[in-house]
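Lettering of chains follows the sequences in order, A, B, ..., and the numbering in each one begins at 1.
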Amino acid sequence: MSTEIRTRFAPSPTGYLHIGGVRTALYNYLFAKKHKGKFILRIEDTDVERSKDEYTLAISEGMKWLGLNWDGGPYYQSERLDLYRQELKSLEKSGRAYKCFCTSEQLKEEREKAKQEGIPAGYDGKCRKLPEGEVKKLQDAGDKYTWRFKTPDTGRLSFKDAVKGTIEFDLATIGDFVIVRSDGMPTYNFTCVVDDALLKISHVIRGDDHISNTPKQILIYNALEKEPPQFAHLPQVHGKDGKRLSKRTGAVSLAEYIEMGYLSEAMLNYLALLGWSTEDSQQLFSMAELIEKFSLDRVSASAGIFDTDKLDWINGKCLRALTAREIASLASKWLKEKKLIESSDKISDKIIKAIEMEKEKISLLSDVPEKIDFMLSDNIIYDEKAVQKRLKKAGAGKILLGILEVIQNVDSFTAENLENAIRKLTEEKNISAGKIFHPLRVAVSGRMTGPGLFELIEFIGKEKTVERIKYAAEELAENE
RNA sequence: GGCGGCAUCGUCUAGUCAGGUCCAGGACACAGCCCUCUCAAGGCUGCGACACGGGUUCAAAUCCCGUUGCCGCUACCA
């Protein structure tokens with residue numbers, strides 16, 4: 001009997017969607033899709049203090065932006081409290097959970113003491129032995145209590161991890177841990193198991209910071225008489241300093257990368273490769289290829305560093321594969337900010353043409369305005385360095401005037417005709433192409449870089465071109 | 001401290017399970033060259049790594065032991 005593959009992404013809404021979390025979500029998504037299974041979204045919001053609605057929103061928006069659409073959920077743990085309560089009852093009945101009246105202050109003190117003395121920290125299971133009468137007394141007195149899970153005192157527990165192999169733990173090192181807080185809210189290790197079991201998750205794919213939690217969770221599965229899922233622990237994503245990704249080392253949230261102008265497919269492609277690879281080292285993938293080729297046994301075991309150089313390269317590749325119209329529409333937010341367009345639905349053909357000419361130089365969507373604004377504006381700004389280098393040269397003014405004459409006489413103002421005419425000029429006057437092209441470029445655009453000169457001139461139009469060459473020749477160029 | 005995980009070019013990695021075909025392959029970045037009216041893009045070339053120390057073996061990046069380093073867990077966070 002083949003059971004359905006079901007994976008889940010289970011972030012806690014205590015911060016914006018983290019880039020490492022995005023990768024976890026991606027791998028879960030790819031694995032589910034590859035096996036024609038289901039990908040479920042679950043929000044782990046049992047930490048009332050730190051969970052915020054805005055983070056929940058950011059998570060689902062981010063997932064949508066990426067196109068990682070979930071097949072089930074989102075399930076909110078805060079809405080499933082009854083379920084955990086039921087399972088707690090079952091644990092109580094089987095004697096696997098007990099009430100603990102120790103206060104957090106007490107425990108903290110003991111932990112510190114243990115640390116100083118160099119003895120292994122961890123709960124000593126004091127309240128496990130509390131006589132029933134004593135429990136009743138404390139409870140009647142209104143003392144707050146947590147529920148702890150009773151872990152075995154001896155033995156070993158091992159599990160097979162799809163990326164790390166077999167991992168074994170000594171159960172003596174795992175103390176009784178809290179599964180329900182004194183305010184009645186269940187904790188992670190408990191809710192996670194209950195939900196994964198109830199939602200029939202077949203493969204738990206998550207960060208390897210959860211490895212140490214896994215034995216605890218398996219213990220709960222066993223106590224609840226549920227079958228544990230397959231585990232796959234992904235290596236961490238680190239910052240440039242090799243440490244855990246943090247704001248200090250760069251952007252960490254997906255939203256920041258969106259803001260910088262990255263494309264979702266580039267992000268996905270890059271993240272897919274950060275910890276996974278094909279045997280032939282393929283670098284560029286469509287989502288369909290990713291789904292087809294992904295497999296957990298080719299996931300790397302070691303942590304990777306989030307490096308934007310490669311992301312930028314992939315982003316450029318993705319961008320170049322789009323049409324100018326698509327780029328314009330994707331970049332409309334930035335175009336609007338720079339006042340190049342009024343609204344997203346008012347993208348002129350001129351803008352699209354300009355983007356077309358500069359397409360291969362765009363690496364981020366946010367680059368678009370600066371690449372094309374000089375072609376669209378009526379008043380160009382002459383770059384000081386460009387003027388110095390190309391116009392303040394002996395004879396530059398005279399050359400420009402010569403070009404002007406030619407240009408004025410080009411009847412059909414196309415790039416081809418312009419090029420023919422100007423190349424003819426270089427031959428007639430026997431001067432190198434560079435001597436003509438460079439000053440001309442600066443004269444009409446104000447800068448030294450840009451699209452092909454003749455396409456650019458055609459785009460600018462005869463009237464403006466003539467006007468600019470005149471200005472440059474008379475006001476800027478060296479006329480000696 | 002205890003427990004657990006990880007260790008190949010600056011970065012992402014292939015190769016490790018089934019030791020030889022690996023004086024270690026690909027990609028990004030970097031450098032140079034080519035193309036070229038500029039900047040890009042593209043093409044080519046180059047630079048560059050098996051953490052360290054033992055062992056096993058005819059042979060080790062691959063297997064074993066130890067060391068070191070980094071990371072995680074050790075919460076009434078997830």
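- Relative orientation of the A/Tyr145 and A/Phe101 rings is tilted, given thresholds of 30° and 60° on the angle between their planes.
- Closest contact between the side chain of A/Thr187 and the listed nucleotides B/A40, B/G5, B/A78 involves B/A78.
- When heavy atoms are screened at a 4.0 angstrom cut-off, A/His233 is found touching no nucleic acid atom at all.
- The only member of A/Tyr262, A/Phe306, A/Trp276, A/Trp313 that meets ring-ring contact (aromatic ring centres under 6.0 Å, His included) when paired with A/Tyr270 is A/Phe306.
- For A/Thr278 and A/Asp280, the side-chain atoms include at least one donor-acceptor pair closer than 3.5 Å.
- Rounded to the nearest Å, the gap between the P atom of B/G46 and that of B/U36 is 24 Å.
- In terms of phosphate contacts, A/Arg320 brings no side-chain nitrogen or oxygen within less than 4.0 Å of OP1 or OP2 of B/A40.
- The CG atom of A/Leu364 lies 8.5 Å from the CE atom of A/Met260; values are rounded to the nearest 0.5 Å.
- The side chain of A/Arg148 has B/C76 as its nearest neighbour among B/A14, B/G5, B/C76.
- Across all strands, A/Glu168 comes closer than 4.0 Å only to sugar-phosphate atoms, never to a base (heavy-atom distances).
- Ring orientation note: the planes of A/Phe437 and A/Phe454 are nearly perpendicular, at an angle over 60° on the 30°/60° scale.
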Subject >> Stepwise side chain to side chain contact (heavy atoms under 4.5 Å, CB included) check, A/Glu265 with A/Met287 >> reply: CA-CA 8 Å; A/Glu265 59 260 53; A/Met287 183 49 103; over 6 Å; no
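- At whole-Å resolution of the value, CG in A/Asp209 and P in B/A78 are 13 Å apart.
- Here the side chain of A/Leu274 is nearest to one of B/G42, B/A41, B/C12, namely B/C12.
- The residue A/Asn213 sits close to a base: some heavy atom pair falls under 4.0 Å.
- Between A/Tyr123 and A/Ser300, the one whose closest nucleotide on RNA chain B sits nearer the 5' end is A/Ser300.
- The distance from atom CZ of A/Phe177 to atom P of B/C77 is 14 Å, rounded to the nearest whole Å.
- Taking atom C1' in both B/C35 and B/A41, the straight-line distance is 11 Å, to the nearest Å.
- In this entry B/G42 has B/C34 as its Watson-Crick or G-U wobble partner, both defining distances falling under 3.5 Å.
- Residue contacts shown for A/Pro451 include a base, since a base heavy atom lies under 4.0 Å away.
- Of the C1' atoms belonging to B/G48 and B/G10, the separation is 9 Å, rounded to the nearest Å.
- Using a 4.0 Å heavy-atom criterion, one finds that A/Ser277 contacts the sugar-phosphate atoms exclusively.
- When distances are taken from the side chain of A/Ser302 to each of B/A7, B/A78, B/U38, the shortest belongs to B/A7.
- Taking atom CE on A/Met185 and atom C1' on B/C76, their separation rounds to 12 Å, with Å as the unit.
- Note that CD of A/Gln77 is 10.5 Å distant from CG of A/Leu83, once rounded to the nearest 0.5 Å.
- With hydrogens and angles left out, the side-chain atoms of A/Ser78 and A/Asp45 include a donor and acceptor closer than 3.5 Å.
- As a whole-Å value, the separation of A/Trp313 CH2 from B/C30 P is 13 Å.
- Among the protein residues, A/Cys102 comes within range of the nucleic acid bases, having at least one heavy atom under 4.0 Å from a base atom.
- With distances taken from any side-chain atom of A/Arg244 to the nucleotides B/C28, B/G25, B/G72, the minimum falls on B/G72.
- Within the 4.5 Å cutoff, side-chain heavy atoms of A/Tyr188 are placed close to those of A/Asn213.
- The distance between atom CG of A/Asp383 and atom C1' of B/U38, rounded to the nearest whole Å, is 13 Å.
- A 3.5 Å limit on both hydrogen-bonding distances identifies B/G5 as the Watson-Crick or G-U partner of B/C70.
- Taking atom CD1 of residue A/Ile431 and atom C1' of nucleotide B/C37, one finds them 13 Å apart after rounding to whole Å.
- Within the 4.0 Å cut-off from OP1 or OP2 of B/G72, not a single side-chain nitrogen or oxygen of A/Ser212 is found.
- Closest approach to the A/Ile167 side chain among B/A27, B/G5, B/C39 is made by B/G5 (side chain taken as heavy atoms from C-beta onward).
- Residue contacts shown for A/Ser104 include a base, since a base heavy atom lies under 4.0 Å away.
- Counting non-hydrogen atoms under 4.0 angstrom, A/Gly304 reaches the backbone sugars and phosphates but no base.
- The side chain of A/Arg111 sits closest to B/C76 out of B/A78, B/C70, B/C76.
- The nucleotide whose nearest atom lies closest to any side-chain atom of A/Arg298 is, among B/G15, B/C37, B/A78, B/G15.
- Under the Watson-Crick or G-U wobble criterion, with both distances below 3.5 Å, B/C17 has no partner in any strand shown.
- Counting non-hydrogen atoms under 4.0 angstrom, A/Tyr270 reaches nothing in the nucleic acid.
- Base engagement by A/Gln283 is indicated by at least one non-hydrogen atom pair under 4.0 Å involving a base atom.
- At a threshold of 4.0 angstrom between heavy atoms, the contacts of A/Gly275 are confined to the sugar-phosphate backbone, with no base atom among them.
- Rounded to whole Å, the C1' atom of B/C23 lies 13 Å from the corresponding atom of B/A61.
- Nucleotides B/C64 and B/G26 have their C1' atoms positioned 31 Å apart, rounded to a whole Å.
- Across all strands shown, B/A49 forms no Watson-Crick or G-U wobble pair with both key distances under 3.5 Å.
- Residue-to-nucleotide proximity on RNA chain B shows that, of A/Thr46 and A/Phe437, the 5′-proximal contact is made by A/Phe437.
- Residue A/Lys310 has its side chain nearest to B/C28 when only B/U13, B/C28, B/C77 are considered.
- With P as the reference atom, B/G5 and B/C44 are 43 Å apart, rounded to whole Å.
- Going from atom CG of A/Asp208 over to atom P of B/C70 covers 17 Å, rounded to whole Å.
- Comparing the C1' positions of B/G53 and B/A7 gives a spacing of 15 Å, expressed to the nearest Å.
- Residue-level contact check: A/Ala301 touches the backbone only, with heavy atoms under 4.0 Å from sugar-phosphate atoms and none from bases.
- Atom-to-atom, CG of A/Leu245 to C1' of B/U11 comes out at 14 Å; the value is rounded to the nearest Å.
- Distances from the side chain of A/Lys361 to the nucleotides B/C76, B/C37, B/C39 place B/C39 closest.
- Among the atoms of the strands shown, none is found under 4.0 Å from any heavy atom of A/Lys240.
- A donor-acceptor contact closer than 3.5 angstrom links the side chains of A/Asp195 and A/Tyr84.
- In this structure, A/Lys389 reaches neither bases nor backbone, as no heavy-atom distance under 4.0 Å exists between it and the strands shown.
- Between the C1' atoms of B/G15 and B/A60, the separation comes to 13 Å (whole Å).
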